[in-house]
Amino acid sequence: MATLILPGEWIKNWEKSGKHEFVQLCKELTEKRDHGSEIRDIQAALYELCWQVVQGNLKLDLVASVLGDMMELRDDMPSVLADVFSILDLETGALEDKTKRDHYTQLAGACLFFIPEAILKERLDPETLESLGLIKQAHQFNQKIVKIKTKLFYKQQKFNLLREENEGYAKLITELGQDLSGNITSHLVLESIKSLIGCFNLDPNRVLDIILEVYESRSDQDEFFLSLIKSYMCEPLTLCHILGFKFKFYQEPNEETPKSLYHIAAALLHHNLIELEDLYVHLMPLDAIIIEEHKRDISEAKQIARKLIMVVLPSEKSEDKEKEKEKEEEKNEKPPDNQKLGLLEALLRIGDWHHAQSIMDQMPSFYATSHKAIALALCQLVHLTVEPLYRRAGVPKGARGCVMLPLRNKRAPQPAENFEDLRRDTFSMLCYLGPHLSHDPILFAKIVRLGKAFMKEYQSDSRPDDTLLSCFLSIADQVLLPSLSLMECNACMSEELWGLFKLFPYQHRYRLYGQWKNETYSSHPLLVKVKAQTVERAKYIMKRLTKENVKQSGRQIGKLSHSNPTILFDYMLSQIQWYDNLIVPVVDSLKYLTSLNYDVLAYCIIEALANPEKEKMKHDDTTISSWLQSLASLCGAVFRKYPIELAGLLQYVTNQLKAGKSFDLLILKEVVQKMAGIEITDEMTSEQLEAMTGGEQLKAEGGYFGQIRNTKKSSQRLKDALLDHELALPLCLLMAQQRNGVVFLEGGEKHLKLVGHLYDQCHDTLVQFGGFLASNLSTEDYIKRVPSIDILCNQFHTPHDAAFFLSRPMYAHQILSKYDELKKAEKGNRQQQKVHKYVAACEQVMTPVHEAVVSLHPARVWDDLRPQFYATFWSLTMYDLAVPHAAYEREVNKLKAQIKAIEENPEIPLNKKKKEKERCTALQEKLQEEEKKQLEHVQRVLHRLKLEKDNWLLAKSTKNETITKFLQLCLFPRCIFSSIDAVYCARFVELVHQQKTPNFCTLLCYDRVFSAIIYTVASCTENESHRYGRFLCCMLETVTRWHSDRTIYEKECVNYPGFLTIFRATGFDGGNKADQLDYENFRHVVHKWHYMLTKASVHCLETGDYTHIRNILIVLTKILPCYPKVLNLGQALECRVHKICLEEKDKRPDLYALAMGYSGRLKSQKVHMVPENEFHHKEQPARSATPANQQNGPGSTGKPATSTNKTEEGMSEDGDRGKDKSQGTTKPVNKANSAAAKVTTSNGNSALNSTKAVKERDDKEKSGKEKKDKKEKTPGSTPETKAENRREKQRDDRAGKEERAAREGKEKTPKADREKAKAEDKSSKDDKAKAGNGEPMEPTRERDAIKESKSKEKVAGSLKSPVPRSESAESERDHKRRKLDTHSSPSHSSLCPFLLYLPERSLPLHIPTALKITKENCRKCRHDIWKSQPNPWELECIPWTSA
């Protein structure tokens, strides 16, 4: 009360100013109008004033006069003052100080004149009233009060029971039950009720109860009774109590609350006659019991699900049945109704969404709607809400439907007129409905159709509303998909839903499927059970699925998938990952799925692929897991056969590549192979390879192992998916970059075998995918998407081989388009005119390319090659160089045979015969037309090349450098790109030779290819080995053809600049016979090449390294048709391969299988091998300038050149005899050694293994005449070769010193190797002993002479093979005793230049790992070099002729 405190100055100066100030304050408080707060303020002011009197601070008479004046301010002021006295009465009565009590009593007595006595008697205590003299005795007053109260409250004056006043209640019931159709209103009836109550003393509460009873029986008269109750209304709480009493009556077991009672309660709530909070407490069961029941339902559902999944024993089954019987018996005792749910249903029926929502909020999610009656009531309300909008936007054409009448209730939710109105109530209703929309499929379809109508508006709107889109996505997630799960195999609903879902981007769809699969099924007991039942049914079907019952099982799978596709597919995919033999029947059984199910299947596959718990490698870390391979195969088969959207899968592969993961490229490979019919394999037969060089039709008919037909639609779908989502170029670029990423980013932690496999997979998929784009994209689409070559390489960092692979179809398209334009512009049918137009078109298209490629390599590269030659090499294909007439003829003959077989088969119906014959005839005509078209194209291309060839190669640098750049930048990168490219590279070299291209040395090119295969083989992956072997095979085919017949050789090689043996600075003069290599010397050279191949192969087989052995066996298998042709070389190979078979049988099964396969095929080729003297002409050994112990075998690096000097011959005989006497000692080499020609070494540089000491001694001993002879006979005497020899000499000096330092000062020969070497000279043993002790030693003349005699090298320009010593020159015993020379470790000078040939990505991984080379710092050039470990190259000495 004391919220207002009077200032102390007022009390002190009360008479002067305080009284005036107090009166003024009271007046202000009286005038204030603040909803009753002014009364509290006045009471507080009066209380403070009176309290000052009680305290004795103010005189009684002064305050009494002021209070008397206050009475005029308000009419109720006496009552206000009486309230203040009542409070003071209580406070002073509790005080011990009697003085203050006396002051209070005196003040109250002084105020008796202006406060009515009756008011004080109501408010003050009887003792106070007695002291004031208002009553005589307090005790008597209290007794009187008790009597009055008893009379008021406990003496019945009104009749409550019907039997007490049956006439009155009978008249009341008659009045309420009369016909209300006339002019009778609630007001008239109310007046009659009042009269009856007054006349018969009826209890008003009982009357209200009777009114509710009658309303309950006449619930259709809502308007009348509600207005009557509203008019009759006493307190709302009383009405709640009466209703609560009615509800309590039905809360006994086996009692059922009538719906009419729910209805009147809902109506009263809806019209706000009662409050929900007041009524809710009277309803049963309690909220805690409801929550407990919900939890029990969930646990029971999970238990049921667990039982369905678990394997149950028979004994456990019987126990479970007994428990279930007990539960059923308990359920027979019916529990009381859930009155809250009954009221909720009634509220929904009349459209009171606000109160219904409040009740549902008190319960667990979806508990209320899990009861079918409530779900249907809510569905009906949603029907009415969406009806106008559905009629306007959702009804499909041709559908009539039944019009629904709106509710008469004006307070019900407003119907939606547009999509924005749905946010008001409809979306929230649907969310409360949740999965139980399944009870009303018609409403389900309506909501889906509204969603479709909205999405069409959304997509066409320039400023779409993302909020509404989010709402529809939420409805799809929380309502539509869970409801579909509870529907029983309704395929129509599934298709209807797909009509909406297909308008969403796949990202939204997949998010919805993820929620559906991983979260929705755990949100409700019913869904938990459904999931378990689906899994159980899926197990049943999958156990019985075979190829024979695909149709029946497929129908069962279809039925199951309509409602719960995610659960079904998840289980099916898990089975496929374990058992890959299920793929074919599963794919065939999926034909009964709906469109939505196919889309869900795509999501499930992607989710299975991206499963983080699955390892994508097997435990040995060398191969890809079988589950991933199975899923990839399934992807290819499913996406080809069924119309499933590919965007998600392609984007997944793209994202994986972007993240640096290449495992999933297996999926893309399978999809492209199955959908487009493009197969990538390195195991193609020669016939298939030949067919692949033709047109598209020939490729499809004869280029693949399985003829994949009907790929037109599937390849179109794949193309559309790539173009629509702009994934074609990103995938190509990512794959091209990922090839190097496999090695550098992924390779460090993975096994070398796995790295090679991943690299091959990445590369093969790139080739396959690029081939698909080239054959399926239109010219405009391809050119629009693929940037120029310089942008590809410099901006996107695409490797050059991949960049040209992607650009090549674009160049071909552009040239053909330009050619067609020129033909239309100038009409001329002559072939010559057409060719000129084609050349002009090529110039226009390729000139920008020539300019663009300049930026790809340093400027010094273009000193050796012209950009035009470089671009021509990379832009052409086998289709441009040759027509595979044999392949065309073979396929045409096959079709003719098919037609004949069809005609002769009587079982085929006539109409089918006709169709098949028409198909075969049409194919035949297409092939013939394609062959003709290719023939014209090849003629145009060859004419173009003939015109261009003079400008291809410059004469600025040596031919050796030119060939180096050609091998490094063109031949080697492309020959391992694909099988077709391998053939192309070999054919291109032959074409360049046939075109008589200036400054191109064919001999040198072939020599460099065949003489240096160790490093290239070691740096290849498995698939690259196949291609490299095919390339070598094609090169050998050409060489073998030239070697086979003098006529062919003279026709195709003689007088060609490529077979010049003397390089002149002015180029090819074409007239000097002495400059040409004759046929016999060419045969010697071919033998030398075969010998070099044998030597390299033996070395690789002896290393023991997995990569070496695997790759060389693959290469040898590929070149088997052309090599080995010499018997002794074949025997040496056979011996080594047999050894591999024995060693690897139990260690590395894959190597053993390769070796056994090659060994068997090698033995079958033995009949075609010839002795060495038949392979090339061999003269007497006396003519040789080489020591007699040097036999042509894999131990040496070359063969000695022919000598025509008699003196040299004599000296040679002396050397032979000396060598025959003792292999342990060697005489100093005489002058004849200086005349021996040198052979090209393995890296292509001349005489790299000769030492400086020998050369200096030879120069001193030579006479002027001998120098003159050498100038005349040695082609290296030109200024060009002199400069080259000087450079090579300096390089050789460094090489010799480093080699000796490495072999003598740092290495110690292993004991095992010393035991293998059966013949070593004494000086060598002494030197090795010194080297073992770490003592430095100077190279002696004798040691250098031995090295010089062993090197037997030939000048790079001449390439003339020596005439080898015949077998009769020495005894057969000595001949059998000869051993293979050891192969020394490559020095820095011999290894570093060759590494330039290799693709850059292969150096850091393949070379050091495969060849066991470590990285050190070179003292000469001060750069990091790859240097060999001590003695990994030692070969076991095997007698050549006694194999």
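- Side chains of His1043 and Tyr1049 form no contact here, defined as non-hydrogen atoms less than 4.5 Å apart.
- Both tests do not hold together for Arg1046 against Tyr1079: distance to the six-membered ring centre under 6.0 Å, angle to the ring axis within 45°.
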> Is there a ring pair (Phe, Tyr, Trp, His ring centres under 6.0 Å) between Tyr1006 and Phe1082 once you walk through the steps?
Replying inline: CA-CA 12 Å; Tyr1006 277 98; Phe1082 175 71; 8.6 Å; no

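- A donor-acceptor pair under 3.5 Å is formed between the side chain of Asn776 and the backbone N or O of Phe772.
- Checked for salt-bridge contact, Glu948 and Arg944 meet the test: a charged N lies under 4.0 Å from a carboxylate O.
- By the 6.0 Å contact criterion, NZ on Lys641 is enclosed, its count of non-hydrogen atoms from other residues, nucleotides or ligands being greater than 12.
- Note: Lys784 NZ to Leu777 CG = 10.5 Å, rounded to the nearest 0.5 Å.
- Here CZ of Arg940 is found 10.0 Å from CG of Asp880. Values are rounded to the nearest 0.5 Å.
- When all heavy atoms of Phe796 and Pro787 are compared, the pair lying nearest together is CE1-CG, 3.8 Å.
- Rounded to the nearest 0.5 Å, atoms CG (Leu895) and SG (Cys920) are 5.5 Å apart.
- Under 4.0 Å is where a charged nitrogen must lie from a carboxylate oxygen, and between Asp760 and Lys669 no such pair does.
- Looking at residues two or more places apart in sequence or on another chain, you find a side chain to side chain contact (heavy atoms under 4.5 Å, CB included) between Tyr879 and Thr877, Gln934, His937.
- Arg866 approaches Leu953 most closely through the heavy-atom pair CG-N, 4.4 Å.
- With Ser715 contributing its side chain and Ala676 its backbone, the two residues share no donor-acceptor pair below 3.5 Å.
- No hydrogens or angles considered: nothing links the side chains of Asp790 and Ser855 as a donor-acceptor pair under 3.5 Å.
- For the side-chain contact (heavy atoms from CB on, under 4.5 Å) test with Tyr888, the passing option among Glu690, Glu930, Gln928 is Glu930; the others fail.
- Here the two rings, on Trp1042 and His993, have centers that are under 6.0 Å apart.
- For the pair Glu670 and Ile667, the minimum side-chain heavy-atom distance is 4.5 Å or more.
- Side-chain atoms of Arg717 never come within 3.5 Å of backbone atoms of Met675 as a donor-acceptor pair (strictly under, hydrogens ignored).
- The ring-ring contact (aromatic ring centres under 6.0 Å, His included) test with Tyr984 singles out one residue from Phe1031, Phe873, Trp874, and that residue is Phe873.
- Within 6.0 Å of NZ in Lys917 there are 12 or fewer heavy atoms belonging to other residues, nucleotides or ligands.
- Annotation: side chain of Asp801 is not in contact with side chain of Asp981 (no heavy-atom distance under 4.5 Å).
- By the 4.5 Å heavy-atom criterion applied to side chains, Ser875 and Met846 are counted as neighbours.
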>> Run Asn999 and Thr962 through side chain to side chain contact (heavy atoms under 4.5 Å, CB included) and show every step you take.
In response: CA-CA 8 Å; Asn999 301 312; Thr962 302; 6.0 Å; no

>> For a side chain to side chain contact (heavy atoms under 4.5 Å, CB included) check, start with the C-alpha distance between Val941 and Leu945, then their side-chain angles and the critical distance, and finish with the verdict.
In response: CA-CA 6 Å; Val941 172; Leu945 298 182; 4.2 Å; yes

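- At distances below 3.5 Å, at least one donor-acceptor pair connects side-chain atoms of Thr997 with backbone N or O atoms of Val992.
- A ring-ring contact (aromatic ring centres under 6.0 Å, His included) with Tyr870 is found for exactly one of Phe966, Trp952, Phe804, namely Phe804.
- Less than 6.0 angstrom separates the ring centroid of Phe977 from the ring centroid of His763.
- Interatomic distance, Leu971 CG to Arg1008 CZ, rounded to the nearest 0.5 Å: 11.5 Å.
- Lys913 contributes a side-chain N or O that, together with a main-chain N or O of Asn905, makes up a donor-acceptor pair within less than 3.5 Å.
- Nearest heavy atoms, Gly1029 versus Ile1119: O-CG2, 3.3 Å.
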> Going through the distances and angles, do Leu666 and Gln761 end up as a side chain to side chain contact (heavy atoms under 4.5 Å, CB included)?
Replying inline: CA-CA 7 Å; Leu666 184 62; Gln761 177 179 288; 3.6 Å; yes

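- Between Val1039 and Trp1089, some side-chain heavy-atom pair lies under the 4.5 Å cut-off.
- Using modelled atom types and a 3.5 Å distance limit, the side chains of Tyr1028 and Thr1016 yield a donor-acceptor pair.
- Residues His885 and Leu935 meet the side-chain proximity criterion, which asks for heavy atoms closer than 4.5 Å.
- Within the 4.5 Å cutoff, the side chain of Phe639 has no heavy atoms near those of the Lys674 side chain.
- Residues His943 and Tyr838 have side chains that never bring a donor and an acceptor to within less than 3.5 angstrom of each other.
- Closest heavy-atom contact between Arg1161 and Thr1117: NH1-CG2, 3.1 Å.
- At a threshold of 4.0 Å, the pair Lys894-Glu891 counts as salt-bridged, since one of the basic side-chain nitrogens sits closer than that to a carboxylate oxygen.
- With rounding to the nearest 0.5 angstrom, the CG atom of Leu766 is 9.5 Å from the OG1 atom of Thr798.
- In summary, Glu1037 and Arg1030 do not engage in a salt bridge, as defined by a charged side-chain N under 4.0 Å from a carboxylate O.
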> Is there a salt bridge (Lys or Arg N to Asp or Glu O under 4.0 Å) between Glu990 and Arg987 once you walk through the steps?
Replying inline: CA-CA 5 Å; Glu990 186 180 354; Arg987 295 293 174 252; 3.6 Å; yes

>> Applying side chain to side chain contact (heavy atoms under 4.5 Å, CB included) to Val1086 and Lys1125, what does each step give before you reach the verdict?
In response: CA-CA 11 Å; Val1086 174; Lys1125 292 292 185 183; over 6 Å; no

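- Contacts classified as side-chain hydrogen bond (donor to acceptor under 3.5 Å, both in side chains) and involving residues 803-813 (residues at least two apart or in different chains) are not found.
- Distance CZ/Phe972 to SG/Cys1020: 9.5 Å, rounded to 0.5 Å.
- Of all non-hydrogen atoms in Cys975 and Cys985, the two that sit nearest each other are N-SG, 3.4 Å.
- Of all the heavy atoms in Ser979 and Leu689, the pair that sits closest is CB-CD1, 3.7 Å.
- A salt bridge links Glu696 to Lys699: at least one charged side-chain nitrogen sits closer than 4.0 Å to a carboxylate oxygen.
- Using a cut-off of 4.0 Å between Lys/Arg side-chain N and Asp/Glu carboxylate O, Arg919 and Glu916 are scored as salt-bridged.
- Counting only heavy atoms from C-beta outward, the side chains of Val892 and Glu931 never approach each other to under 4.5 Å.
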